[in-house]
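Counting starts at 1 for both ligands and their atoms, following the listed order.
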Amino acid sequence: MTPLTILRYPDPRLRTIARPVAAFDARLRKLANAMLETMYEAAGIGLAATQVDVHERLIVIDVSETRDQPLVLINPEIIWASDETRVGEEGCLSVPGIYDGVERSVAVKVRALDLDGKHQLHDTEGMLAVCIQHEMDHLVGKVFVEYLSPLKRKRIKTKMIKQIKDELA
Ligand code: GNR
Ligand code: NI
């Protein structure tokens with residue numbers, strides 16, 4: 001399968017707010033599978049539909065070492081987040097080569113639908129909790145660099161634009 005194209009920061013399409021998924025059909029299943037393949041191919045631990053220019057509330061995740069525990073979360077909602085937070089190093093497939101600290105809740109409870117439209121509850125902590133928060137930000141048009149200082153963000157933006165130019169040259 002040809003992987004989907006991942007939008008690169010500062011592409012303005014990354015700022016789009018996703019709509020809820022409405023139809024649990026074959027097309028949704030195909031999209032989720034294509035996103036999982038794209039995530040595995042790019043060696044990421046998560047991918048939001050926003051990043052492949054599909055503006056629906058769908059994320060895929062696999063934080064397992066063995067890369068064989070895919071999760072598909074549709075219309076996810078954080079129903080509880082711990083007051084306890086931690087700053088952890090984050091990266092993003094849409095901002096390749098950039099890593100910096102972001103403060104997140106250490107644990108979150110998430111309600112979501114699966115590909116059959118059934119409710120699931122995920123009681124998460126650690127890397128999975130961080131990844132879910134990172135992916136859900138994408139669905140509201142937010143990239144992790146927006147948590148950094150304006151100066152850092154400006155430098156990252158310049159670097160990304162140059163990187164994309166150099167690749168085309
Ligand atoms: O692959 C990814 N690694 C990662 C590391 C720390 C915190 C969040 C992430 S998510 C990222 C994949 C990605 O960009 N998902 O949107
Ligand atoms: Ni990301």
Side-chain angles (χ1 to χ4, degrees), residues 1 3-21 28 31-78 81-82 84-110 112 115 122-149 152-157 159-161 163-164 167:
M1 194 217 61
L4 304 169
T5 301
I6 299 175
L7 298 177
R8 301 265 291 264
Y9 183 80
D11 191 308
R13 290 171 289 182
L14 286 169
R15 305 180 66 87
T16 311
I17 295 177
R19 306 168 244 93
V21 166
L28 186 68
L31 173 61
N33 281 328
M35 284 174 57
L36 280 165
E37 291 213 37
T38 303
M39 177 191 74
Y40 287 127
E41 163 98 6
I45 60 168
L47 188 69
T50 307
Q51 291 175 279
V52 295
D53 203 21
V54 175
H55 302 288
E56 299 177 42
R57 293 185 58 82
L58 164 65
I59 66 184
V60 298
I61 294 179
D62 190 340
V63 295
S64 72
E65 294 276 337
T66 43
R67 318 289 288 150
D68 60 355
Q69 285 166 60
L71 285 176
V72 177
L73 272 59
I74 300 161
N75 299 344
E77 293 172 80
I78 293 184
S82 65
E84 189 192 344
T85 61
R86 193 174 301 160
V87 176
E89 193 89 333
E90 294 197 13
C92 181
L93 295 173
S94 293
V95 200
I98 303 292
Y99 303 89
D100 213 326
V102 178
E103 183 176 8
R104 305 277 190 191
S105 289
V106 301
V108 292
K109 286 188 184 18
V110 181
L115 283 167
H122 297 274
D123 198 345
T124 71
E125 60 177 16
M127 204 60 230
L128 179 56
V130 168
C131 189
I132 288 175
Q133 292 170 78
H134 175 113
E135 303 313 335
M136 287 184 67
D137 273 352
H138 278 301
L139 300 180
V140 291
K142 189 159 185 170
V143 177
F144 86 98
V145 299
E146 288 171 52
Y147 292 106
L148 308 178
S149 71
K152 275 190 181 175
R153 199 159 59 243
K154 193 175 167 213
R155 286 181 175 153
I156 291 166
K157 203 178 275 187
K159 189 170 173 178
M160 288 300 111
I161 290 167
Q163 209 176 83
I164 292 163
E167 282 169 23

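In the vicinity of Met127, heavy-atom distances shorter than 4.0 Å reach the ligand 1 atoms 5 (C), 6 (C), 7 (C). Heavy-atom contacts of Glu89 reach the following atoms of ligand 1: 6 (C) (cutoff under 4.0 Å). Shown in contact with His138 at under 4.0 Å from a heavy atom are these atoms of ligand 1, numbered in order with element: 16 (O). For ligand 1, the atoms sitting less than 4.0 Å from at least one non-hydrogen atom of Cys92 are 14 (O), numbered in the order shown with element in parentheses.
Of the listed residues (Gly91, Gly44, Cys131), the one carrying the non-hydrogen atom nearest atom 11 (C) of ligand 1 is Gly91. Among Val95, Leu93, Ile132, the residue whose heavy atom sits closest to atom 14 (O) of ligand 1 is Leu93.
The N/O atoms of Gln51, backbone and side chain alike, include one that comes under 3.5 Å of an N/O atom in ligand 1. Between Ile45 and ligand 1, an N or O atom pair is found at a separation short of 3.5 Å. The shortest N or O to N or O distance between Val130 and ligand 1 is not below 3.5 Å.
Of the protein's non-hydrogen atoms, the one nearest atom 13 (C) of ligand 1 is Gly46 O, 3.4 Å. Atom 8 (C) of ligand 1 has its closest protein heavy atom at His134 ND1, 3.5 Å. Annotation: atom 15 (N) of ligand 1 to nearest protein heavy atom, Glu135 OE2, 2.7 Å.
Here the closest non-hydrogen pair linking Glu135 and Ala48 is OE1-N, 3.4 Å. Here the closest heavy-atom approach between residue Asp100 and residue Phe144 is recorded as N-CE1, 4.0 Å. Closest approach of Val52 to Leu47, counting heavy atoms only: CG1-CD2, 4.0 Å.
Of the inter-residue distances, the one linking Leu148 atom CG with Glu90 atom CD reads 9.5 Å to the nearest 0.5 angstrom. Note that OG1 of Thr50 and NE2 of His55 are 6.0 Å apart. Values are rounded to the nearest 0.5 Å.
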Next on the checklist: Could you walk me through whether Leu115 and Leu28 satisfy the side-chain contact (heavy atoms from CB on, under 4.5 Å) test, starting with their C-alpha distance in whole Å, then the side-chain angles of each, then the deciding distance to 0.1 Å, before giving a yes or no?
Outcome noted: CA-CA 7 Å; Leu115 283 167; Leu28 186 68; 4.0 Å; yes
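Atom CZ of Arg67 has more than 12 neighbouring heavy atoms from other residues, nucleotides or ligands inside a 6.0 Å radius. Counted within 6.0 Å of CD on Glu65, heavy atoms from surrounding residues, nucleotides or ligands total 12 or fewer; the atom is thus considered open. More than 12 heavy atoms of other residues, nucleotides or ligands sit less than 6.0 Å from atom CD of Glu146.
In Glu90, the parts holding a heavy atom less than 4.0 Å from any atom of ligand 1 are both the side chain and the backbone.
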